[in-house]
Amino acid sequence: LTEKYAEIILVGNEEKINELSKENNINIKDAKIVDPINSNQYNEYVEEFYNLRKAKGMTIEKAKELMQDPTHFGMMMVKQGGADGLVSGACHSTSDTLRPALQILKTAPGTKLVSAFFLMIVPNCEYGENGAFVFADSGLNANPNADELSEIAISSSKSFEHLTGKQSKVAMLSYSTYGSAPTNELIEKVVTATKLVKEKEPNILVDGELQLDAAIVPEIAKSKAPGSPLEGKANTLVF
């Protein structure tokens, strides 16, 4: 609200939200507050959610209950065009944020795997895209195989470009750079994933396997990974 780069809609009990804002000395006078149970859209959203999930055993009663939950209601706002996006996670677990998203918004066409990324902004930093990095997947898929790793890289590359407007430079990270460590299945997985990214999306600038320093420090890239198309300037780091 202060920076004026987004219009904020707070979803929840209006009285409680105002009380919390006063307690914490936060100015929310320019925010819109929507209380699901008192919203004009409540019944419409209940009906829509029921129709979306009835094949999975959803009942009207359960739909009414879930649409009182701010995260479910907020996801439905996004689906129905009442909002452009939803921020959650400060007081909800990843699964409680993700479940309504998958139930209501579903995945983008062509997406084979749902993955997570962190957008890291480092002040006064010469590395990455002036200090901007995407770290993936550091929150959802615990032990992806080579194909899953390639899908994470592809999705993360698109997310970086969507959010920054700059070209993504994807480093597939490992504890080895170009075979510097004895090969095993962990290194092979990253090497295979890198090949798969190139096959699936030839326009993505990607390289691996790389250690972090060879991925983001140009001077080290010259010695550890000579000829790397990233030239030590990676901004999208796939772990």
Side-chain angles (χ1 to χ4, degrees), residues 1 3-18 20-21 26 28-119 134-141 144 148 151-165 168 201 236:
L1 290 173
E3 299 290 338
K4 294 184 171 24
Y5 65 78
E7 295 176 24
I8 303 298
I9 303 167
L10 300 170
V11 183
N13 179 276
E14 186 167 1
E15 189 177 323
K16 187 176 178 184
I17 288 171
N18 284 321
L20 283 167
S21 71
I26 299 170
I28 59 167
K29 69 179 179 63
D30 292 327
K32 179 181 178 182
I33 299 174
V34 175
D35 187 348
I37 198 69
N38 295 323
S39 167
N40 293 332
Q41 275 72 46
Y42 175 73
N43 289 326
E44 173 199 331
Y45 289 180
V46 166
E47 190 69 28
E48 178 67 17
F49 186 56
Y50 166 70
N51 287 328
L52 279 172
R53 303 293 298 168
K54 62 184 178 184
K56 302 281 187 181
M58 181 59 61
T59 64
I60 281 288
E61 291 72 22
K62 187 67 176 175
K64 286 179 178 178
E65 179 189 329
L66 288 172
M67 272 307 119
Q68 293 177 38
D69 166 61
T71 309
H72 280 82
F73 189 89
M75 292 292 180
M76 191 59 78
M77 286 184 76
V78 175
K79 179 173 175 56
Q80 298 297 87
D84 296 313
L86 181 137
V87 178
S88 177
C91 53
H92 293 85
S93 68
T94 299
S95 57
D96 285 342
T97 299
L98 196 61
R99 192 180 303 109
L102 292 175
Q103 290 176 344
I104 295 167
L105 297 176
K106 309 190 184 302
T107 56
T111 303
K112 286 173 62 178
L113 179 76
V114 176
S115 59
F117 66 86
F118 295 127
L119 182 62
V134 154
F135 287 10
D137 171 345
S138 305
L140 199 58
N141 295 289
E148 290 168 337
E151 291 296 325
I152 289 167
I154 291 165
S155 292
S156 301
S157 169
K158 291 175 181 175
S159 294
F160 182 91
E161 294 185 351
H162 180 73
L163 288 167
T164 68
S168 66
E201 296 284 348
T236 304

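Computation of the quantities below employed the complete heavy-atom set of this structure, encompassing side-chain atoms and omitting hydrogens, waters and symmetry-equivalent molecules.
Remark: Asn38 CG is packed, more than 12 non-hydrogen atoms of other residues, nucleotides or ligands lying under 6.0 Å away. The neighbour count for Lys62 NZ, taken as heavy atoms of other residues, nucleotides or ligands under 6.0 Å away, does not exceed 12. Enclosure of atom CD in Glu7 is not indicated, since only 12 or fewer non-hydrogen atoms of other residues, nucleotides or ligands lie within 6.0 angstrom.
Looking only at side-chain heavy atoms (C-beta outward), Val11 and Leu86 stay at 4.5 Å or farther from each other. Counting heavy atoms from C-beta outward, Gln80 and Glu44 have side chains that approach closer than 4.5 Å. Asp69 places none of its side-chain heavy atoms less than 4.5 Å from the side chain of Pro36. With a 4.5 Å cut-off on side-chain heavy atoms, Lys158 and Glu201 count as touching. Two residues are said to be in side-chain contact when any heavy atoms from C-beta on lie closer than 4.5 Å; Phe49 and Gln103 meet this criterion.
Of the possible polar contacts, one joining the Ser155 side chain to the Glu151 backbone as a donor-acceptor pair under 3.5 Å is found. In this structure, Thr111 contributes its side chain and Thr107 its backbone to no donor-acceptor pair below 3.5 Å. The closest donor-acceptor contact from the side chain of Asp137 to the backbone of Ser115 lies at 3.5 Å or more, if one exists at all. Between the side chain of Thr97 and the backbone N or O of Ser93, at least one donor-acceptor pair lies under 3.5 Å. One N or O on the side chain of Asn13 and one on the backbone of Lys16 form a donor-acceptor pair closer than 3.5 Å. Remark: side-chain polar atoms of Glu161 are paired, donor with acceptor, to backbone N or O of Ser168 under 3.5 angstrom. Here the side chain of Tyr45 pairs no donor or acceptor atom with the backbone of Gly74 at under 3.5 angstrom. For Asp96 (side chain) and Gly89 (main-chain N/O), no donor-acceptor pair under 3.5 Å exists by modelled atom type.
Distance CD/Glu14 to CG/Asp35: 7.5 Å, rounded to 0.5 Å. Rounded to the nearest 0.5 angstrom, Leu113 CG and Glu148 CD are separated by 5.5 Å. From Ile60, atom CD1 reaches atom CD of Glu65 across 13.0 Å, with rounding to the nearest 0.5 Å. With rounding to the nearest 0.5 angstrom, the NE2 atom of His72 is 15.5 Å from the CE atom of Met77. A distance of 4.0 Å separates CZ of Phe117 from OG of Ser159, quoted to the nearest 0.5 Å. Taking CD1 of Ile8 as the reference point, atom NZ of Lys32 lies at 12.5 Å (rounded to 0.5 Å).
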Would you sort out whether Ile33 and Asn18 count as a side chain to side chain contact (heavy atoms under 4.5 Å, CB included), showing the intermediate values? CA-CA 9 Å; Ile33 299 174; Asn18 284 321; 3.8 Å; yes

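Between Tyr50 and Met58, the shortest heavy-atom distance links the atoms CE1-O, 3.4 Å. Closest heavy-atom contact between Leu10 and Ala31: CD1-CB, 4.1 Å. The nearest pair of heavy atoms linking Leu98 to Leu140 is CD2-CD1, 3.6 Å. The two residues Lys79 and Leu52 have their closest heavy-atom pair at CE-CD1, 3.7 Å. The nearest pair of heavy atoms linking Met67 to Phe73 is O-CD1, 3.4 Å. When all heavy atoms of Gly139 and Thr94 are compared, the closest pair comes out as O-CG2, 4.4 Å.
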